[in-house]
Amino acid sequence: LAATALGASAQNYPTRTITMIVPFAAGGPTDTVARLVAQSMGKTLKQQIIVENVGGAGGTIGAARAAKAAPDGYTIFLHHIGHSTAPALYRKLSYKAMDSFEPIGLVTDVPMTLIAKQNFPAKDFRELLAYVKANKAKVTYANAGLGSASHLCGMLLQTAIGVQLTTVPYKGTGPAMNDMLGGKVDLMCDQTTNTTSQIKSGKVKVYGVTTKARLASMPNVPTLSEAGLPGFEVAVWHGLYAPKGTPKPAVDSLSNALRAALKDPTVKQRFADLGTEPVADERARPEALRAHLKAEIGRWGPIITKAGQYAD
Ligand code: MLT
């Protein structure tokens with residue numbers, strides 16, 4: 001069965017181009033991670049891996065598309081922590097976050113940064129807090145829909161400071177960043193893979209990073225814990241999946257290619273420049289991703305339910 005599903009024979013998989021579905025708009029953080037990994041995996045597999053951006057509904061549109069793709073090894077799917085928050089956020093998903101997919105491996109954990117448009121009137125987190133408490137819903141907050149990392153970070157932030165901002169949803173934080181650079185939206189919590197260059201060039205203001213320790217790539221930026229939100233930590237983990245039923249020889253080839261990509265000096269350097277790093281080799285395997293996704297679905301469910309966030 002495995003051999004027929006893989007075309008001629010399992011051992012010469014892949015014999016044609018592979019599609020990697022990314023559930024957010026091009027130019028955003030997920031797309032950045034995906035293209036770096038796809039380019040390197042393609043070298044190992046000696047087949048092109050093309051990225052297809054399928055945005056909308058916080059990543060669940062792309063997830064649904066991937067779940068329904070032919071399980072033949074020629075469609076894979078890269079998603080982040082949002083794959084574990086969607087089950088609690090959406091009451092009617094057309095797929096099961098765990099059972100509709102074959103896990104291939106974990107990829108990278110990306111820190112987040114709380115940023116504002118360049119002329120936002122707060123120079124540090126203390127001033128930001130005062131301004132937001134005084135102006136409440138007059139302050140706009142960009143995210144990429146329920147299920148995005150920017151939504152999750154924003155939900156935790158608004159719960160922590162006790163203020164409800166006005167949400168402006170986008171198909172990804174790539175387009176959201178364009179609006180922020182144009183001064184059209186006030187705040188956003190987004191991944192360093194998308195914000196590092198804008199922060200370093202001074203095009204946006206930064207108030208803190210969502211990691212336990214400061215980042216080597218931005219040592220002068222305080223953690224939000226230091227800045228005033230003790231224990232505020234969100235790391236955006238990323239996983240690579242195939243549709244359920246994809247033959248094991250293909251899943252194993254894909255996991256081996258992923259592990260090679262995470263050792264690729266070009267990928268490691270680019271990740272480092274963008275404030276992140278590849279996961280340890282043993283985590284870039286199916287069982288590690290399966291266990292992590294299960295734990296994260298269990299972890300975020302109660303937090304999201306308590307925050308009263310869901311979509312019908
Ligand atoms: C993106 O790639 O656009 C982001 O992952 C969106 C988000 O999750 O905030």
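Ligands are counted one by one from 1 in listed order, and the atoms in each one are counted from 1 as well.
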Answer whether the closest heavy-atom distance between the side chains of [X] and [Y] falls below 4.5 Å.
X      : Y      : result
Thr17  : Ile49  : no
Met188 : Met180 : yes
Leu114 : Leu157 : yes

Could you name each residue pair satisfying salt bridge (Lys or Arg N to Asp or Glu O under 4.0 Å) that touches residues 289-308, not counting sequence neighbours?
-> Glu287-Arg290, Glu296-Arg299

Would you say Lys171 touches ligand 1, if touching means a heavy atom closer than 4.0 Å?
->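 It does not, in that no heavy atom of Lys171 comes within the 4.0 Å cut-off of ligand 1.
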
Heavy-atom gap Ala25 to ligand 1 smaller than 4.0 Å =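 Not so, Ala25 does not reach ligand 1.
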
Please work out which of the three classes, parallel, tilted or perpendicular, describes the rings of Tyr95 and His83, given edges at 30° and 60°.
->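 Aromatic pair His83/Tyr95 classed parallel.
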
Can you confirm, on distance only, whether ligand 1 has an N/O atom lying under 3.5 Å from any N/O atom belonging to [X]?
X      : answer
Ser150 : yes
Gly172 : no
His80  : yes

Given side-chain hydrogen bond (donor to acceptor under 3.5 Å, both in side chains), test Ser150 with Asp190 step by step and report yes or no.
-> CA-CA 5 Å; Ser150 45; Asp190 193 18; 5.6 Å; no

Quick one: does ligand 1 sit under 4.0 Å from the side chain of Ala144, the backbone, both or neither, non-hydrogen atoms only?
-> side chain

Counting only heavy atoms, which portion of His151 has something under 4.0 Å from ligand 1: side chain, backbone, both, or neither?
->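 Neither part.
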
State which residues pass ring-ring contact (aromatic ring centres under 6.0 Å, His included) with Trp300; sequence neighbours excluded, sorted by chain then number.
-> none

Looking only at protein heavy atoms, identify the closest one to atom 3 (O) of ligand 1 and say how far it is in Å.
->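 So the nearest neighbour among protein heavy atoms is Thr173 N, 2.7 Å.
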
Heavy-atom proximity to atom 5 (O) of ligand 1, best of Asn194, Val33, Thr30, Thr193 |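 Comparing heavy atoms across Asn194, Val33, Thr30, Thr193, the nearest one to atom 5 (O) of ligand 1 lies in Thr30.
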
